[in-house]
Amino acid sequence: ISDDKLAQEFVKANGGDFELDEVDRDVLATLWSIGSLDDLNGSELFLDVGKQAAARSAENANSMGAVQVFITQSINRPLVRRRQDEPVEGSAPNNPFAAAAVQTQFLLFRVMPLRTGQASPHVQFELALHDEALYRNRMIALPQAP
């Protein structure tokens, strides 16, 4: 899938809350290319705290033998850029989630249990961003893996 098509699908999956030109295609392509915990840990996009949380999710997936969800804002570059005319609010205007359209949104990954023969647990990025409050209240339904 091309970066442009992926960006179009990302905007569509998020209900058009932001414009196509606000999406950083390099960041999106990096997230989309993450296929394993090793990929995530090797990525310069993720902060250490995000890598640690992903590792905990992988441990839980392995011990429970079930898919776990990992949500984070722990990346170092914006996936969705602030609009030029958007006022800078809050104490962290350089936060990667400073754009008004995504301030309360989180990246969501599925972390699969380690299977025999795998070197690293499979990790899958979901195009739709999720509100942490909805997740904590269990009001979102996790889409089924393909």
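What you see is a predicted model, and the numbers here were worked out from it, not measured in a lab. The figures here come from the full heavy-atom set of this structure, side chains too, leaving out hydrogens, waters and symmetry mates.
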Evaluate the side chain to side chain contact (heavy atoms under 4.5 Å, CB included) criterion for residues Gln73 and Leu107: first the C-alpha distance (whole Å), next the side-chain angles of each, then the deciding distance (0.1 Å), finally the verdict. CA-CA 6 Å; Gln73 284 190 338; Leu107 306 172; over 6 Å; no

Between Trp32 and Asp3, is a side chain to side chain contact (heavy atoms under 4.5 Å, CB included) present by the stated rule, with each step listed? CA-CA 10 Å; Trp32 189 249; Asp3 289 353; over 6 Å; no

Test side chain to side chain contact (heavy atoms under 4.5 Å, CB included) applied to Leu6 and Leu127, step by step: CA-CA 9 Å; Leu6 182 60; Leu127 284 177; 3.9 Å; yes

What verdict does the side chain to side chain contact (heavy atoms under 4.5 Å, CB included) test give for Leu108 and Phe125, after you've listed the backbone C-alpha separation in whole Å, the side-chain angles of each residue and the deciding distance to 0.1 Å? CA-CA 6 Å; Leu108 186 140; Phe125 171 64; over 6 Å; no

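Minimum heavy-atom separation, Glu22 to Glu19: OE1-N, 2.7 Å. Between Val27 and Arg77, the closest heavy-atom pair is CG2-NH2, 3.3 Å. Of all heavy-atom pairs spanning Ala61 and Pro113, the tightest one is O-CB, 3.5 Å. When every heavy atom of Arg25 is checked against every heavy atom of Leu20, the shortest pair comes out as NH2-CG, 3.3 Å. Contact record, Val23 with Leu28: CG1-CD2, 4.0 Å, taken as the closest heavy-atom pair. The minimum heavy-atom distance linking Phe70 with Ser57 is given by the pair CB-OG, 3.6 Å.
Lys12 places no side-chain N or O within donor-acceptor distance of the main-chain N or O of Ala7, the cut-off being under 3.5 Å. In this structure, Arg82 contributes its side chain and Ala101 its backbone to no donor-acceptor pair below 3.5 Å. With Asn76 contributing its side chain and Glu44 its backbone, the two residues share a donor-acceptor pair below 3.5 Å. Proximity of a side-chain donor or acceptor of Gln103 to a complementary backbone N or O of Ala98 within less than 3.5 Å is detected.
Ring geometry for Phe106 versus Phe97: interplanar angle under 30°, hence parallel rather than tilted (30 to 60°).
Taking OG1 from Thr30 and CG from Leu45, the interatomic distance works out to 6.0 Å, rounded to the nearest 0.5 Å. Considering CD of Gln68 and CG of Asn60, their distance stands at 5.0 Å, rounded to 0.5 Å. Between the CZ atom in Phe109 and the CG atom in Leu31 there is a gap of 5.0 Å [rounded to 0.5 Å]. Expressed to the nearest 0.5 Å, how far CG of Leu79 lies from CG of Asp24 amounts to 7.5 Å. Going from atom CD of Gln52 over to atom OG of Ser74 covers 9.5 Å, rounded to the nearest 0.5 Å. One distance of note links CD of Gln105 with CD1 of Ile71; it measures 10.5 Å at 0.5 Å rounding.
Test Asn14, Val11, Asp17, Val102 against Val80 for side chain to side chain contact (heavy atoms under 4.5 Å, CB included) and you get one pass: Val102.
Using a 4.5 Å heavy-atom threshold, the side chains of Asn41 and Phe46 count as separate.
Shown here are the side chain to side chain contact (heavy atoms under 4.5 Å, CB included) partners of Ser120, two or more places apart in sequence or in another chain: Ser36, Leu37, Asp38.
No continuous path of ILVMFWY side-chain contacts below 4.5 Å connects Met112 to Met64, so the two sit in separate hydrophobic clusters.
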